[in-house]
Amino acid sequence: MALYYDEILAGNCFGQINVTPTPSITDSTNIVETKRLPSPVSEFGYTTEELYYKARKFVKEKKEQIQLKYGDNIRLIALSKQEKLGKWNASYTRNVGFLDVVGNDRKQAWIALGDMTKEQAMEEYVKLLLDRCSIFRIHLQIQDVKYVVEDQS
């Protein structure tokens, strides 16, 4: 059974928990094929680092306008910490209180990233933002057009 904790925090039906059965191995209808998404670097022509810093700047500037799910926000924070500090280490964080749900979730998300490299964390950050926030893709496309127009004048 899967419990959707982020839905509780989002106010889902007065704290009800959605429970879904785990997919059966023999049931072929529940098997989802995962396909590798193309790298955003090849799509936009920026380096991974350039795209990552554009994404971070976009999130910081537009945080009031974009609506991401709780779990996505926690994942973005964990990925940015992984990029900046590397693998989770107890010396990087202060002790989180038992009732600090958000702090515990951030810590667990960062720990779950394990030995992910800096480059992988940056690419995952950009992919997540492109997947969950369509305005970011439009923002990047508008920037490309703006630079072409400025170069011609």
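Nothing fancy with the numbering, it's 1 onward along the sequence.
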Worksheet item: Between Glu123 (side chain) and Gln120 (backbone), is there a donor-acceptor pair under 3.5 Å?
Response: no
Worksheet item: Does some side-chain heavy atom of Met122 sit less than 4.5 Å from a side-chain heavy atom of Glu49?
Response: yes
Worksheet item: Would you say Leu68 and Val59 make side-chain contact, with heavy atoms under 4.5 Å?
Response: no
Worksheet item: Between Glu124 and Glu119, is there a donor-acceptor pair closer than 3.5 Å when you use the side chain of the first and the backbone of the second?
Response: no
Worksheet item: How many angstroms lie between atom NZ of Lys107 and atom CD1 of Ile77, to the nearest 0.5 angstrom?
Response: 16.0 Å
Practice prompt. Output the distance between atom OG (Ser134) and atom NE2 (His139), rounded to the nearest 0.5 Å.
Written response: 13.0 Å
Worksheet entry | Check against side-chain contact (heavy atoms from CB on, under 4.5 Å), Ile135 and Ile66 | CA-CA 8 Å; Ile135 318 171; Ile66 58 176; 4.0 Å; yes
Worksheet, complete the sentence: Here the gap from Leu113 atom CG to Arg75 atom CZ, rounded to the nearest 0.5 Å, amounts to 5.0 Å
Practice prompt. Examine distances only and state if a side-chain atom of Gln82 and a backbone atom of Met116 form a donor-acceptor pair shorter than 3.5 Å.
Written response: yes
Worksheet entry | Side chain to side chain, Leu140 and Leu51, heavy atoms closer than 4.5 Å | yes
Worksheet item: Would you call the rings of Phe58 and Phe136 parallel, tilted or perpendicular if under 30° counts as parallel and over 60° as perpendicular?
Response: tilted
Discussion item. Any non-hydrogen side-chain atom of Asp72 less than 4.5 Å from a side-chain atom of Lys69?
Written reply: yes
Discussion item. Run Val102 and Asp100 through side-chain contact (heavy atoms from CB on, under 4.5 Å) and show every step you take.
Written reply: CA-CA 6 Å; Val102 176; Asp100 184 1; 4.3 Å; yes
Worksheet item: What pairs with Asn104 under side chain to side chain contact (heavy atoms under 4.5 Å, CB included), at least two apart in sequence or on another chain?
Response: Val96
Worksheet entry | Flag side-chain contact, heavy atom, 4.5 Å: Gln65 against Lys62 | yes
Worksheet entry | Shortest non-hydrogen contact between Leu79 and Ala121, atoms and distance | O-CB, 3.7 Å
Worksheet item: Do Glu83 and Tyr125 have side-chain atoms, one donor and one acceptor, less than 3.5 Å apart?
Response: no
Practice prompt. Keeping the roles fixed (side chain from Glu50, backbone from Thr47), state whether a donor-acceptor pair exists under 3.5 Å.
Written response: yes
Item to complete: Supply the atom-to-atom distance Asn73 CG to Leu128 CG, rounded to the nearest 0.5 angstrom.
Response: 9.0 Å
